[in-house]
Asker: 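Right, I'll just put the structure down here and ask away after.
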2 protein chains.
Amino acid sequence: MAGTGTGTGVRGARRRNTAGGRSGLTPERIVEGCIALLDEHGPDALTFRRIGGHLGVDPTALYRHFRDKDELVLAVADRLHGRVLDDFEPSDHWRATLQDMLTRNRLVYLAHPEAAVLSVARTTRRAAEMAGVEIILGALAEAGFPPDEAVKYYRVLVDFVLSWCGLEAAYLTLSQEARSGDENAWSREYAGAPADRYPHIAAAAPFLPTVTEEGNFALALELLLDSVELRAQRYAATIGEQRATAE
Amino acid sequence: MAGTGTGTGVRGARRRNTAGGRSGLTPERIVEGCIALLDEHGPDALTFRRIGGHLGVDPTALYRHFRDKDELVLAVADRLHGRVLDDFEPSDHWRATLQDMLTRNRLVYLAHPEAAVLSVARTTRRAAEMAGVEIILGALAEAGFPPDEAVKYYRVLVDFVLSWCGLEAAYLTLSQEARSGDENAWSREYAGAPADRYPHIAAAAPFLPTVTEEGNFALALELLLDSVELRAQRYAATIGEQRATAE
DNA sequence: CGAACAAGTCAATGGCGTTGACAAAAGTGT
DNA sequence: ACACTTTTGTCAACGCCATTGACTTGTTCG
């Protein structure tokens with residue numbers, strides 16, 4: 001229950017409900033500072049020393065508001081998670097709703113990879129998360145799935161987007177050298193693969209760099225939703241059949 | 001390039017092809033020690049000091065075999081990749097080949113969650129990785145895709161299985177408290193969701209705990225391969241059409 | 001007003017990756 | 001066998017990190 005950090009386990013016991021101490025430092029201001037720092041200087045900049053410097057405050061002052069760095073990162077993640085649904089409007093077709101929502105989810109997470117990496121495997125159980133689950137389950141119900149079927153596809157879609165974002169975010173948090181090395185692997189080393197031992201790689205090598213991250217995600221999501229839609233249609237057909245034979 | 005660590009950039013210039021120095025320290029022994037350490041004490045245990053302690057060697061001795069920690073992690077990752085292919089036999093149908101290989105990939109990674117977390121995001125560009133890529137591209141070629149199409153589905157399938165394993169592995173490496181807390185979220189807090197605000201969650205709640213990790217992965221993979229197969233058939237049909245009209 | 005306590009500061013701890021200087025062992029050429 | 005070069009393990013140190021305990025200062029409430 002990371003919350004805003006106001007609660008148990010914070011240095012100096014419980015906090016009064018005032019608007020900041022003598023430096024005007026609040027969990028909200030800290031989280032905002034962290035996001036600014038992440039956006040400006042990258043994931044490696046998220047250290048207590050640099051956050052403190054950015055806010056004009058002693059680094060250890062942050063411990064008055066967050067128990068440790070993990071709680072701080074989760075608070076940042078919470079703030080971002082809310083943004084996914086901030087101005088989200090369900091579409092009139094269930095498939096468009098799912099596609100829009102999952103795509104937005106990815107964009108928000110990838111805007112802040114450091115927070116994403118640490119939070120994809122966690123369940124926050126806060127209001128924003130529940131609202132998102134409700135929307136997805138609603139879309140699947142609209143597709144025609146009964147609850148016991150819907151939960152299966154719900155888990156597939158959620159785990160898919162979370163894990164995919166986790167992978168992309170982890171990649172973004174790599175150091176610059178490691179990342180450029182990995183990127184060169186595709187265009188250089190795979191292109192130089194011996195055609196006798198790796199014929200298919202040799203044939204595919206020219207096209208490997210043409211795949212973009214956005215296109216890759218879009219295709220994966222499209223493949224999944226295609227299958228879900230197909231099964232929804234089949235499910236509806238068998239239900240209709242059962243109804244027809246029952247009458 | 002990075003290879004086993006024997007190569008450029010390693011402290012002390014190039015190395016002779018002897019079987020270890022005066023302590024019998026080799027890149028292979030180091031990697032094995034790392035995996036043992038990861039399995040036993042988790043991902044945070046992978047520090048030069050602890051590796052050195054585990055191998056009975058000065059921590060900085062590792063720099064004679066690996067330029068930096070990144071290169072070491074890559075070597076560990078490739079060892080895992082290699083285990084996926086150790087006794088793998090391609091099936092006679094391309095879909096079975098893909099399904100078997102990706103399923104094996106998951107099993108190997110989840111057997112060493114700590115190592116998996118560190119390696120899923122990396123492209124190792126070593127032999128084992130290339131062999132796996134070749135198999136997947138070969139299966140897609142067998143499905144009827146030309147290289148420029150095959151690379152798209154290759155990237156989808158690989159990124160899917162890597163990211164999925166990363167998420168599951170990250171979950172397995174969470175502390176016991178965090179994990180049980182997250183598990184309770186599904187059965188307790190979601191079950192107690194107010195039915196007026198979250199009607200679909202309320203309806204689905206009883207079925208949420210019935211989803212297993214294995215079944216979840218199997219379903220996701222099945223959905224993806226269904227779509228890939230469908231597109232392969234459609235692609236073959238349009239090619240046949242073009243041939244028919246060309247004659 | 002004064003006691004209680006929150007909130008910021010300071011100094012210090014131990015761990016991390018990494019580096020440079022050094023010593024000992026192992027190979028190499030004569 | 002000898003001097004040589006190169007490898008490879010060791011040692012001490014640097015700067016960074018998160019985190020802690022003891023302090024000071026400001027705020028707030030009885």
Side-chain angles (χ1 to χ4, degrees), chain A residues 4-30 33-34 37 41-76 114 118 173-178, chain B residues 4-30 33-34 37 41-74 76 118:
Chain A
T4 60
T6 308
T8 64
V10 177
R11 257 165 79 104
R14 252 161 246 98
R15 191 168 317 107
R16 296 193 185 103
N17 50 356
T18 79
R22 60 176 168 278
S23 290
L25 200 59
T26 64
E28 289 74 23
R29 249 171 52 80
I30 295 175
C34 288
L37 215 48
H41 295 107
D44 292 341
L46 202 70
T47 77
F48 277 28
R49 282 172 173 80
R50 297 185 70 168
I51 300 167
H54 186 252
L55 296 173
V57 119
D58 189 273
T60 62
L62 304 177
Y63 283 93
R64 300 294 174 192
H65 303 270
F66 297 95
R67 179 173 45 245
D68 54 20
K69 190 173 181 180
D70 190 61
E71 194 180 84
L72 174 57
V73 171
L74 280 183
V76 173
E114 174 91 347
L118 291 177
T173 61
L174 292 178
S175 65
Q176 192 54 47
E177 318 96 73
Chain B
T4 60
T6 307
T8 65
V10 177
R11 257 163 80 104
R14 250 160 245 98
R15 190 169 316 109
R16 298 195 184 98
N17 49 356
T18 77
R22 59 178 170 279
S23 291
L25 200 59
T26 64
E28 290 72 25
R29 251 173 48 80
I30 295 175
C34 288
L37 213 48
H41 295 108
D44 292 342
L46 200 70
T47 77
F48 278 28
R49 285 171 173 83
R50 295 185 70 166
I51 299 167
H54 187 242
L55 295 172
V57 118
D58 189 273
T60 62
L62 305 177
Y63 282 92
R64 299 295 175 192
H65 303 269
F66 298 94
R67 179 173 44 245
D68 53 20
K69 189 172 182 183
D70 187 68
E71 196 179 84
L72 176 58
V73 170
L74 278 186
V76 172
L118 290 177

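All values below were derived from every heavy atom in this structure, side-chain atoms included, with hydrogens, water molecules and symmetry-related copies excluded.
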Asker: Mapping B:Thr47 and A:Gly56 onto DNA chain C by nearest heavy atom, which one lands closer to the 5' end?
Answerer: A:Gly56
Asker: B:Tyr63 side chain N/O closer than 4.0 Å to the phosphate oxygens (OP1, OP2) of C:dT18?
Answerer: yes
Asker: Of the nucleotides C:dA7, C:dG17, D:dT20, which has the atom closest to the A:Arg64 side chain?
Answerer: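 Within the option list, the nearest is C:dA7.
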Asker: Looking at CD1 of B:Ile30 and NE2 of B:His65, how far apart are the two atoms once the value is rounded to the nearest 0.5 Å?
Answerer: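 Between B:Ile30 CD1 and B:His65 NE2, I get 4.5 Å after rounding to 0.5 Å.
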Asker: Of all the nucleotides listed (C:dT9, D:dA18, C:dC16), which has the minimum atom distance to the side chain of A:Ala61?
Answerer: C:dT9
Asker: Could you work out which one of C:dG17, D:dT19, D:dC11 sits closest to the side chain of B:Asp58?
Answerer: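 Output: D:dC11.
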Asker: Within a strict 4.5 Å, meaning less than it, do heavy atoms of the B:Leu74 and B:Phe66 side chains meet?
Answerer: no
Asker: Under 4.0 angstrom, heavy atoms only, what part of the nucleic acid is B:Leu72 near: base, sugar-phosphate, or nothing?
Answerer: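 Nothing, no nucleic acid heavy atom in range.
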Asker: Under the 3.5 Å rule, do the base of C:dG8 and the side chain of A:Arg11 count as making a donor-acceptor pair?
Answerer: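 Answer no: no donor N or O sits under 3.5 Å from an acceptor.
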Asker: Take the protein atom CG of B:Asp70 and the nucleotide atom P of C:dC16, then report the distance between them rounded to whole Å.
Answerer: 18 Å
Asker: Nearest-Å distance, CZ (B:Arg67) to P (C:dG17)?
Answerer: 17 Å
Asker: Which pair of non-hydrogen atoms, one from A:Asp68 and one from A:Tyr63, has the smallest distance, and what is that distance?
Answerer: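 Of all heavy-atom pairs spanning A:Asp68 and A:Tyr63, the closest is CA-CE2, 4.3 Å.
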Asker: I need the CG-P distance between B:Leu118 and C:dG17, as an integer number of Å.
Answerer: 12 Å
Asker: Determine the minimum heavy-atom distance between B:Gly33 and B:Leu55, stating which atoms define it.
Answerer: CA-CD2, 4.3 Å
Asker: Could you grab the distance from atom CG of B:Asp70 to atom CG of B:Leu118, nearest 0.5 Å is fine?
Answerer: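 Nearest 0.5 Å value for the CG-CG distance: 10.5 Å.
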Asker: Within less than 4.0 Å of OP1 or OP2 of C:dG8, is there a side-chain N or O belonging to A:His65?
Answerer: yes
Asker: Between atom CD1 in B:Ile51 and atom P in D:dG9, what is the gap in whole Å?
Answerer: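 B:Ile51 atom CD1 is separated from D:dG9 atom P by 14 Å.
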Asker: Grab the CZ-C1' distance between A:Arg49 and C:dG8 for me, whole Å please.
Answerer: 17 Å
Asker: What is the distance from CG of B:Leu55 to P of D:dT10, rounded to the nearest Å?
Answerer: 11 Å
Asker: Could you state the CG-P distance from B:Asp68 to C:dT19, rounded to the nearest angstrom?
Answerer: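 So the CG-P distance, B:Asp68 to C:dT19, works out to 8 Å.
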Asker: Between atom CG in B:Leu62 and atom C1' in C:dT19, what is the gap in whole Å?
Answerer: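 Rounded to the whole Å, the gap is 15 Å.
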Asker: Is any side-chain N or O of A:Thr60 under 3.5 Å from a base N or O of C:dC10, one able to act as donor and the other as acceptor?
Answerer: yes
